[in-house]
A.B. asks: 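Sharing a structure, written as C-alpha cells. Questions coming.
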Amino acid sequence: QVQLVESGGGLVQPGGSLRLSCAASGSIDRISTMGWYRQAPGKQRELVARITSYGTTTYADSVKGRFTISRDNAKNTVALQMNSLKPEDTAVYYCYFNPLGPNPNYWGQGTQVTVSS
C-alpha cells in the first residue's frame, strides 16, 4: 500500500516559518496534481495549495503571498513553504497526490501546525 509521509510540522510563533514536506513510500504511479489541505477544529477542510505536473499553482486567498508550493516529479515529493505564519494558520495539514487517470487520491496522515506566541 502506498503511503504519503509528512514532516515539518510543529509549533512556531506568529511571523515565523515552517516547511512541510510530503514523500511517497513505496511504488507509486505518475502523479498529476499534488497539494495540501488543512483543517482546523470547528472549521471546514480547506484547500491550501496545489500544483500540477506542469508547475501551475493555485493558492487559497488566505495564504496567497505567504505560502509557496513546490514539487519534485522525479522523487514524487511535494513541499509547502509557509512564511509569515498567523495564528489562523493553525491546523492539521494533509498532503495529497492525485494520480493520472481515474484512481483515487493518495493522502498523508496529517501533520499539526500550531502558530502561537
Side-chain angles (χ1 to χ4, degrees):
Q1 186 73 27
V2 172
Q3 293 181 316
L4 301 186
V5 180
E6 300 169 330
S7 62
L11 173 65
V12 296
Q13 296 185 77
S17 297
L18 284 174
R19 183 177 177 87
L20 305 182
S21 296
C22 178
S25 176
S27 299
I28 192 169
D29 295 330
R30 291 187 298 275
I31 301 299
S32 59
T33 301
M34 300 177 174
W36 296 85
Y37 280 85
R38 68 184 181 187
Q39 188 163 30
K43 299 183 66 177
Q44 296 183 40
R45 188 180 68 170
E46 175 187 28
L47 177 65
V48 178
R50 62 186 176 198
I51 183 169
T52 72
S53 60
Y54 298 99
T56 302
T57 58
T58 302
Y59 296 95
D61 288 341
S62 58
V63 308
K64 198 170 298 181
R66 300 187 297 118
F67 291 10
T68 303
I69 189 171
S70 60
R71 65 187 283 171
D72 186 325
N73 291 330
K75 297 181 179 180
N76 276 322
T77 60
V78 63
L80 185 68
Q81 179 67 45
M82 305 185 294
N83 298 326
S84 302
L85 283 161
K86 304 175 180 180
E88 51 262 45
D89 295 318
T90 296
V92 178
Y93 285 70
Y94 301 89
C95 65
Y96 76 93
F97 289 8
N98 180 232
L100 292 172
N103 294 326
N105 290 344
Y106 302 109
W107 287 94
Q109 80 286 352
T111 185
Q112 177 70 48
V113 172
T114 302
V115 185
S116 180
S117 58

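Since the model is a prediction, treat every value here as computed from it, not as a measurement. Along the sequence shown, the residues carry numbers beginning at 1.
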A.B. asks: Please list every donor-acceptor pair under 3.5 Å in which a side-chain atom of residues 67-74 meets a protein atom from a residue at least two apart or in another chain.
C.D. replies:
from  : atom 1 : to    : atom 2 : distance (Å)
Arg71 : NE     : Asn73 : OD1    : 2.5
Arg71 : NH1    : Ser32 : O      : 2.6
Arg71 : NH1    : Ile51 : O      : 3.1
Arg71 : NH1    : Thr52 : O      : 3.1
Arg71 : NH2    : Ile31 : O      : 3.1
Arg71 : NH2    : Asn73 : OD1    : 2.9
Asp72 : OD1    : Ala74 : N      : 3.1
Asp72 : OD1    : Lys75 : N      : 3.1

A.B. asks: What pairs meet the salt bridge (charged side-chain N to carboxylate O under 4.0 Å, His left out) rule with one or both residues in residues 80-107, with sequence neighbours excluded?
C.D. replies: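 For residues 80-107, and leaving out neighbouring residues, the salt bridge (charged side-chain N to carboxylate O under 4.0 Å, His left out) pairs sorted by first residue read Arg38-Asp89, Arg66-Asp89.
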A.B. asks: Tell me which one of Arg50, Glu6, Glu46, Met82 satisfies side chain to side chain contact (heavy atoms under 4.5 Å, CB included) with Trp36.
C.D. replies: Glu6
A.B. asks: Apply the hydrophobic cluster definition, ILVMFWY joined by side-chain contacts under 4.5 Å directly or through others, and give me every member besides Tyr54.
C.D. replies: none
A.B. asks: Using 30° and 60° as the class limits, which term best fits the ring planes of Tyr37 and Tyr96: parallel, tilted or perpendicular?
C.D. replies: tilted
A.B. asks: Where do Ser116 and Pro14 come nearest, in terms of heavy atoms and distance?
C.D. replies: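 Of all heavy-atom pairs spanning Ser116 and Pro14, the closest is C-CD, 3.6 Å.
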A.B. asks: Does any non-hydrogen side-chain atom of Cys95 lie less than 4.5 Å from one of Met34?
C.D. replies: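 No. Closest side-chain heavy atoms not under 4.5 Å.
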A.B. asks: Could you tell me the separation between the CG atom of Leu47 and the OH atom of Tyr59, rounded to the nearest 0.5 Å?
C.D. replies: 11.5 Å
A.B. asks: When clusters are formed by joining ILVMFWY residues with side-chain heavy atoms under 4.5 Å apart, either directly or through shared neighbours, do Val63 and Val92 land in the same one?
C.D. replies: no
A.B. asks: Would you say Leu80 ends up clustered with Tyr94 if hydrophobic residues are merged whenever their side chains have heavy atoms under 4.5 Å apart, either directly or through other cluster members?
C.D. replies: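 No, it is not one cluster - the side chains of Tyr94 and Leu80 are not joined through contacts under 4.5 Å.
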A.B. asks: Grab the two heavy atoms, one from Ala91 and one from Ala40, that are nearest each other, plus how far apart they are.
C.D. replies: CB-N, 3.8 Å
A.B. asks: Nearest 0.5 Å, please: how far is CZ in Phe97 from CG in Asn103?
C.D. replies: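 Those atoms lie 15.0 Å apart.
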A.B. asks: With heavy-atom distances below 4.5 Å as the criterion, would you say the side chains of Thr111 and Ser7 are in contact?
C.D. replies: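 Thr111 vs Ser7: side chains apart.
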A.B. asks: Can you name the one residue among Asn105, Val2, Thr33 that meets side chain to side chain contact (heavy atoms under 4.5 Å, CB included) with Pro99?
C.D. replies: Asn105
A.B. asks: Does Thr90 use its side chain to pair, donor to acceptor, with the backbone of Val115 at less than 3.5 Å?
C.D. replies: yes
A.B. asks: Specify the closest pair of heavy atoms between Val113 and Leu18, including all atoms of both residues, with the distance to one decimal.
C.D. replies: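 So the minimum-distance heavy-atom pair works out to CG1-CD1, 3.8 Å.
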